[in-house]
Amino acid sequence: METKNYLLNKFLDRIDFDSYEDFKKNYKLNIPDNFNFAYDVVDEWARVAPDKLALVHITDDEKETRYNFSDIKRLSDKAANMLTALGIGRGDTVMLILKQRAEVWVMLSALCKIGAVAIPATFQLTPKDIVYRCECADIKMICCVDDDNILDNIKASRNDCKTLKYVGVVGDKIPEGCIDLRKCIDESSENFEKKETPIHDPMLIYFSSGTTGMPKMILHDFTYPLGHITTANYWHRVDDGALHLTVCDSGWAKFAWGKIYGQWICGAAIVAYDTEKFNPESLLKVVRKLKVNTFCAPPTIYRFLIKAELKREDFASVKHCTIAGEPLLPDVFNKFKDITGLEVTEGFGQTETTVLLANYKWYPIKPGSMGKPSPLYDIELQDENGNPCEDGEVGAIVVKNVFKNHPTGLFIEYYRSPEAMEHSFKNGNYNTGDMAWRDSDGYYWFEGRNDDIIKCSGYRIGPFEVENALASHPSVLECAVTAAPDPIRGQVVKATIVLVNGYTPSDELKKELQDHVKKTTAPYKYPRIIDFVSSLPKTASSKIMRKSIRNENYDSAKKSE
C-alpha cells in the first residue's frame with residue numbers, strides 16, 4: 001500500500017493549503033478516541049510499513065545503528081513488559097536521564113503504552129536537583145546512562161528519595177543495587193497486551209526553571225504529540241522518509257519538539273547524534289555523512305558552525321533549516337544564507353506549548369522575526385491590564401480562551417502548583433510571560449521575558465536557582481542574577497553581588513564563586529560574568545530591580561570600593 005503521509009492523512013482534514021490565511025483558518029486536527037502515540041504512531045507504522053526507517057543512532061566514533069519502526073515496536077513492547085513486571089503502571093512517574101541513547105525512544109514509547117508518566121531530565125542534575133524532583137513528582141524509577149557523574153549523584157541522593165524504588169542503567173557499568181536496563185529489556189517478552197490509556201491522562205512532565213521559586217512541573221496529556229504536527233510538518237518541513245536532525249539533549253523540551261513526536265507522525269526518520277561534547281566540526285561531519293535533509297538547532301550552534309569555516313557542501317543535502325530557543329540575530333541569518341544558500345526559519349514556543357509562532361512557507365522571512373501565529377492557538381498581545389496591543393506596542397504573548405477551547409499542544413497545568421496556575425491563567429487566557437510586538441504586516445518580534453528567564457545557548461536558566469546557589473556561599477550578602485548579551489551564546493548568566501563585610505572583590509573570589517555554583521546546581525548555570533557592588537537597586541517593597549541592574553551603567557556607578 002502507498003504509505004506516504006499515511007498518518008498525516010489520518011489526523012488532518014487537509015495537509016496542503018494555498019496561503020497562510022487558508023492554513024490559519026482551515027487547519028483541523030482529527031483526534032482519535034484514546035489516542036496514544038506509541039500505539040497510533042509507532043505501532044501503526046510498524047504495521048503498515050514494517051521496514052520504514054525510524055531512527056539513525058550515530059556516535060562520535062561514527063558507529064551507526066539504524067532502527068525501523070518494527071524494531072522500536074518490538075523493543076518498546078519488551079520494555080513495557082519489563083516495567084509492568086516491576087510494578088510500574090498507569091500514572092507512575094519515571095525519570096529518564098538517557099542523553100541520546102536509543103533507549104530514550106524505546107522508553108518513551110514503552111511508558112506511553114502502559115500509561116506511565118515520563119519525566120525527561122538533563123544529565124547535569126545535582127543530588128539536590130534529583131531529590132527535589134523525586135519529592136515533587138513521587139518518582140518511582142530513574143533510568144540513566146552509565147556516566148560516572150550521573151551515577152554518583154543518584155547514589156548520593158537515593159536515600160533521600162523516599163518514593164524511588166528502582167534505578168535502571170544503560171551501559172556497561174551497572175552499580176550494585178541497580179538494574180541492567182538493556183539486559184532486562186532483552187530478556188522480557190515481546191508479546192505485550194495493549195492497555196487502555198485515557199487521552200487526558202498525564203503523559204509527560206517537564207521541570208522548567210522559574211524566577212519566583214524552584215522549577216515547576218509542566219504537565220502534558222496524551223494529545224500533546226498531535227500538537228507537534230504543526231511543528232514538524234509546517235515549520236521544520238520534514239518529509240516522509242527523509243532524515244531530520246535537531247541538535248539537543250533528550251532532557252530538554254526541545255527533544256519533544258524536534259526528535260520524536262511530530263517527526264514520526266510525519267514519517268520522517270530521526271537522527272540521534274549521541275555525542276559526549278559538542279564539536280562543530282564533528283556535527284558538520286555527521287550532517288555530511290548521513291545526508292541530513294532538515295536541520296534544527298539554537299542560534300548558538302549556527303554561530304559555532306559559521307566560526308568552524310562552514311562550507312556550502314557541508315549542507316548540500318539539507319533543504320530546510322530552523323532555529324528556536326533564543327532570538328536569531330540578522331547577521332547570523334545573513335552569513336549562514338551567504339554560505340549555504342539556506343534561509344534559517346525562526347519559530348517560537350515554550351516547554352508549555354508546541355510551536356506558537358513561526359515563519360511558514362507562504363510568506364517571506366523577515367530576519368529576526370518569529371513569524372506569525374500557529375493555527376492551533378488564538379494569540380493576542382496584551383498590555384499589563386489585559387488590553388490588546390496595537391501594532392508596534394510591546395505586550396505579553398497571550399493564548400486566549402484556553403478553558404473554553406483548550407488548544408492541542410498546550411500543557412494541562414503546572415502540576416501541584418496552584419500558585420503558578422493563578423499567576424499564568426487569568427480570564428480564561430494563558431499568559432506566556434514572554435513579550436513581543438507585532439509589525440503592520442502581522443509579523444511578531446520577540447522583545448524579552450518578563451520574568452527574567454535567561455536563554456544561554458538554548459538553555460533556559462531561572463535566576464532564582466543561581467541566586468540560591470550563590471547565597472549559600474559565606475562571602476555573599478545578597479545577589480541578583482540577570483542576563484547579559486553574548487555574541488556566541490546569545491545570553492550568559494551575570495551575577496551582581498554584594499559581599500559580606502570582611503570579603504574583598506578579586507578574580508580569585510570570582511573563580512571560587514563560579515566553582516561553587518557549578519557544584520551546587522547544574523554546571524551550565526554558573527555566572528560567566530560577576531560584578532561586585534556596594535548595594536542592589538530595590539523597590540519600596542524591597543524587591544530587587546533587575547531592570548536597573550541590566551543597565552550597563554549601574555555596575556560602574558555602584559562598584560565596591
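Atom-to-atom distance recorded for Q514:CD and I530:CD1 is 4.5 Å, nearest 0.5 angstrom. Rounded to the nearest 0.5 Å, atoms OG1 (T351) and CH2 (W257) are 8.5 Å apart. Between atom OG of residue S374 and atom CG of residue L356 there is a gap of 7.5 Å, rounded to the nearest 0.5 Å. Taking CG of N501 as the start and CG of L477 as the end, the distance is 8.0 Å to the nearest 0.5 Å. Distance check: N153 CG to K128 NZ gives 13.5 Å after rounding to the nearest 0.5 Å. How far OG1 of T408 is from CG of L376: 6.5 Å, rounded to the nearest 0.5 Å.
Judged purely by atom type and a 3.5 angstrom limit, T353 has no side-chain atom pairing as donor or acceptor with the backbone of V355. With hydrogens and angles ignored, the 3.5 Å screen pairs a side-chain donor or acceptor of S157 with a backbone N or O of I154. Listed for the N359 side chain is no donor-acceptor partner under 3.5 Å among the backbone atoms of I365. The closest donor-acceptor contact from the side chain of E467 to the backbone of V481 lies under 3.5 Å. Here the side chain of T163 pairs a donor or acceptor atom with the backbone of I139 at under 3.5 angstrom. No side-chain donor-acceptor contact under 3.5 Å links R303 to the backbone of V332. Distance alone, capped at 3.5 Å, is enough to place a donor-acceptor pair between the T246 side chain and the G258 backbone. Judged purely by atom type and a 3.5 angstrom limit, Q263 has no side-chain atom pairing as donor or acceptor with the backbone of I270. When atom types are taken as modelled, the side chain of N401 and the backbone of K404 share no donor-acceptor pair closer than 3.5 angstrom. The backbone N or O of C389 lies less than 3.5 Å from a partner atom in the side chain of R438, making a donor-acceptor pair.
For T521, the side-chain contact (heavy atoms from CB on, under 4.5 Å) partners two or more places apart in sequence, or in a different chain, are D129, E465, A469, V517, K525. D147 is linked by a salt bridge (charged side-chain N to carboxylate O under 4.0 Å, His left out) to K99, counting only residues two or more places apart in sequence or in another chain. Partners of E384 under the side-chain contact (heavy atoms from CB on, under 4.5 Å) rule, at least two apart in sequence or in another chain, do not exist in this structure. D60 is linked by a salt bridge (charged side-chain N to carboxylate O under 4.0 Å, His left out) to nothing, counting only residues two or more places apart in sequence or in another chain. With sequence neighbours left out, V117 forms a side-chain contact (heavy atoms from CB on, under 4.5 Å) with T93, P202, I205. When the ring pair (Phe, Tyr, Trp, His ring centres under 6.0 Å) test is applied to H220, the partners found at least two apart in sequence or on another chain are Y224. For Y526, the ring pair (Phe, Tyr, Trp, His ring centres under 6.0 Å) criterion is met by no residue, not counting sequence neighbours. By the salt bridge (charged side-chain N to carboxylate O under 4.0 Å, His left out) test, D152 is found to be paired with no residue, residues two or more places apart in sequence or in another chain being considered. Qualifying ring pair (Phe, Tyr, Trp, His ring centres under 6.0 Å) partners for H320, counting only residues two or more places apart in sequence or in other chains: none. Considering only residues two or more places apart in sequence or on other chains, F304 meets the ring pair (Phe, Tyr, Trp, His ring centres under 6.0 Å) condition with F278. Considering only residues two or more places apart in sequence or on other chains, P523 meets the side-chain contact (heavy atoms from CB on, under 4.5 Å) condition with Q124, K518.
By the 30° and 60° cut-offs, the orientation of the rings of W437 relative to W445 is parallel. Taking the six-membered ring where the residue is Trp, F411 and F425 present tilted rings, their angle falling between 30° and 60°.
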### Message
For a side chain to side chain contact (heavy atoms under 4.5 Å, CB included) check, start with the C-alpha distance between S250 and F123, then their side-chain angles and the critical distance, and finish with the verdict.
### Response
CA-CA 9 Å; S250 65; F123 57 86; over 6 Å; no

### Query
Which is it for K494 and T496 under the side chain to side chain contact (heavy atoms under 4.5 Å, CB included) test, yes or no, and what are the steps along the way?
CA-CA 7 Å; K494 174 185 174 182; T496 306; 3.9 Å; yes

### Query
Would M95 and M141 count as a side chain to side chain contact (heavy atoms under 4.5 Å, CB included) if you check the C-alpha gap in whole Å, the side-chain angles of each, and the deciding distance to 0.1 Å?
CA-CA 6 Å; M95 187 157 70; M141 182 177 186; over 6 Å; no

#### Entry: Verdict with supporting geometry, V398 and I379, side chain to side chain contact (heavy atoms under 4.5 Å, CB included)
CA-CA 6 Å; V398 171; I379 288 176; over 6 Å; no

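Within 6.0 Å of CZ in F255 there are more than 12 heavy atoms belonging to other residues, nucleotides or ligands. For E281, the CD atom is densely surrounded, since the number of other residues' heavy atoms within 6.0 Å is greater than 12. Enclosure of atom CG in N427 is not indicated, since only 12 or fewer non-hydrogen atoms of other residues, nucleotides or ligands lie within 6.0 angstrom. For K155, the NZ atom sits in a loose shell: 12 or fewer heavy atoms of surrounding residues, nucleotides or ligands are nearer than 6.0 Å. For CD of E393, the number of neighbouring non-hydrogen atoms (other residues, nucleotides, ligands) closer than 6.0 Å is greater than 12. Other residues, nucleotides and ligands contribute more than 12 heavy atoms inside 6.0 Å of the CG atom of D338.
K254 has no carboxylate O lying under 4.0 Å from a charged side-chain N of D249, or vice versa, which leaves the two without a salt bridge. The residues D515 and K519 are annotated as not salt-bridged, no charged nitrogen and carboxylate oxygen being separated by less than 4.0 angstrom.
The minimum heavy-atom distance linking T520 with H516 is given by the pair OG1-O, 2.7 Å. When all heavy atoms of N429 and Q382 are compared, the closest pair comes out as ND2-NE2, 3.7 Å. When all heavy atoms of L357 and G371 are compared, the closest pair comes out as CD2-O, 4.3 Å. Considering every non-hydrogen atom in both H473 and L509, the closest pair reads CE1-CD1, 4.3 Å. Taking each heavy atom of P407 and V399 in turn, the nearest pair found is CG-CG1, 4.1 Å. Considering all non-hydrogen atoms of both residues, Y132 and P215 come closest at OH-O, 2.7 Å.
Judged by the 6.0 Å and 45° rule, K372 forms no cation-pi pair with Y444.
For an aromatic pair to be called close, the ring centres must be under 6.0 Å apart, and Y363 with Y443 satisfies this.
Checked by atom type, the side-chain pair Y206/E352 shows no donor-acceptor distance below 3.5 Å. Between the side chains of T354 and H228, no donor-acceptor pair of N or O atoms lies under 3.5 Å.
Within the structure, every pair that satisfies the salt bridge (charged side-chain N to carboxylate O under 4.0 Å, His left out) test and touches residues 131-146, not counting sequence neighbours, is listed here: D92-K140, D138-R416.
The shortest side-chain heavy-atom distance between W105 and I260 falls under the 4.5 Å cut-off.
Considering F348, Y377, Y430 in turn, F348 is the only one that fulfils the side chain to side chain contact (heavy atoms under 4.5 Å, CB included) rule with I397.
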